[in-house]
Every structure is written in structure tokens, then in C-alpha cells.
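Report on the following structure.
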2 protein chains.
Amino acid sequence: MSSDRLSNKVRRLRFDNGELTQQQLADRVGVTRQTIIAIEAGKYAPSLPLAFKLARTFGVSIEEVFEYENER
Amino acid sequence: MSSDRLSNKVRRLRFDNGELTQQQLADRVGVTRQTIIAIEAGKYAPSLPLAFKLARTFGVSIEEVFEYENER
DNA sequence: ACGTAATGTAAAGCGTCCTTTACTTTATGT
DNA sequence: ACATAAAGTAAAGGACGCTTTACATTACGT
């Protein structure tokens, strides 16, 4: 329940930060390429630890990577 | 793998914000009391959507609720 | 001291995050 | 046009977040 939406800027940030490939980004944050693909595609939300790793890899805050909308 | 630590200030923020009980906080963010207990006890990390809801309930950023350490 | 609210502990079950494997499609360079 | 790298799709399995139920303990008010 609670229809909420989570979008992210991973794909954009990946290119803003020295043209990282999905595989390279996956290696840096310690997950598989499939996980990066799924997150970029918005198939599911990452865990909080992974969100932290992604944000730090890009040198920004979690709020700058992920946008969460609460439709209440 | 990748021994990382996640701590949080949920319990402290709960008292700073008008003396919320675990049950009241659980209701506001849409989970059960058990989930709040487990998170306060550090038993597991919340999902990213739940982390967003908690942070917004307290009126702060995710980084102000959760502290993540990367031991690399 | 007693009753009630608040917090804590435990365990089974479900859904979702993430992995692993394998194959296909799209882009890039020469 | 061809070879290779990068990105996409799919599906089974494991790990973990979260629920549900039930009971135990601690704090608080009168």
C-alpha cells in the first residue's frame, strides 16, 4: 500500500563521473551488473547500504541520487 | 561481505519530536512496531523507501538519521 | 501495590533485493 | 562489414526486510 514512487539519477551520474560502465560501477559498489541495470531501470529500490555506496561513489548525498515521492 | 556498519538516531529523534511511541512512529511511516524495534536495535537496515519516510517524519535528511561507515 | 501503557524477545512466513547463469541486442571502432 | 564492448532481458535461487502472532518485561500514574 501507500503508492509511492522512487526515481533515481544513477544513469546520468554514471556519465557525469568519468564515463563509468555499468560493470565498473557495479564493481565499485560491490554488486553485480544486474543490480545496476535493475536500479537504473527502476525495477526495484536498492537497500539503504547500497544507496549510501552509490551516493558516495558519485560524491553526493542520497537525496541527490534518489527522489522519493509520498502520495498520501 | 564488505564489513560495513550502519547506525541510526531513530530512538533519539523519536523523543526529540514530541515523544512519539514506537507504535505511533510505526503508524506514521506505515510499518509494524516490530520493524521499528528492529531498526532501533540495529538488527537490520531499513529499505530505502522506509528510510525516506523516517527522515521526513523527523524533518531531516537521511544522512541525519543514518550513519554509514565503509570499512574498505 | 496495582493496572495499564510502553518496550522487549522470539519464531514462522512472505515478499523483495540481489546473485548467478545464460543468452540477445545495441553501440563503437577499425 | 566485422569484431568486440556495452547494455538489455530472463529466470531460478538465496538472503534479508517486514509482517503476524504471542508472550515477557519494564516503566508510569494513581
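Naming: A, B, ... by sequence-line order, numbering from 1 per chain.
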Quiz item: Side-chain donor-acceptor pair under 3.5 Å between B:Gln24 and B:Glu19, yes or no?
Solution: no
Exercise. Walking along DNA chain D from 5' to 3', note the first and the last nucleotide with an atom under 4.0 Å from a heavy atom of chain A, and give both.
Key: D:dA6 to D:dA10
Quiz item: Can any side-chain N or O of B:Thr57 pair as donor or acceptor with the backbone N or O of B:Lys53 at less than 3.5 Å?
Solution: yes
Exercise. Taking A:Arg33 for its side chain and A:Gln22 for its backbone only, find out whether a donor-acceptor pair lies under 3.5 Å.
Key: no
Quiz prompt | Phosphate OP1/OP2 of C:dT21 contacted by A:Arg33 side-chain N/O (<4.0 Å) | solution = no
Quiz item: Salt bridge or not for B:Glu67 and B:Arg5, using N-O below 4.0 Å?
Solution: no
Send over the distance from [X] [atom1] to [N] [atom2], rounded to a whole Å.
X: B:Leu50; N: C:dC17; atom1: CG; atom2: P; answer: 13 Å
X: A:Asn8; N: C:dC17; atom1: CG; atom2: C1'; answer: 15 Å
X: B:Tyr44; N: C:dG15; atom1: OH; atom2: C1'; answer: 13 Å
X: A:Ile37; N: C:dT24; atom1: CD1; atom2: P; answer: 16 Å

Quiz item: What does A:Ala41 touch in the nucleic acid at a heavy-atom separation under 4.0 angstrom: a base, only the sugar-phosphate, or nothing?
Solution: nothing
Quiz item: Reckon A:Ser47 touches a base, only the sugar-phosphate, or nothing at all at heavy-atom distances under 4.0 Å?
Solution: sugar-phosphate
Quiz item: Between the base of C:dT9 and the side chain of B:Gln34, is there any donor-acceptor pair under 3.5 Å?
Solution: yes
Practice problem: Could you identify which residues of residues 13-25 of chain A place a heavy atom less than 4.0 Å from some atom of DNA chain D, listed by residue number, or say none? | Solution: A:Arg14, A:Thr21, A:Gln22
Quiz item: For the side-chain contact (heavy atoms from CB on, under 4.5 Å) test, which of A:Ile39, A:Leu54, A:Ile62 pairs with A:Asn8?
Solution: A:Ile39
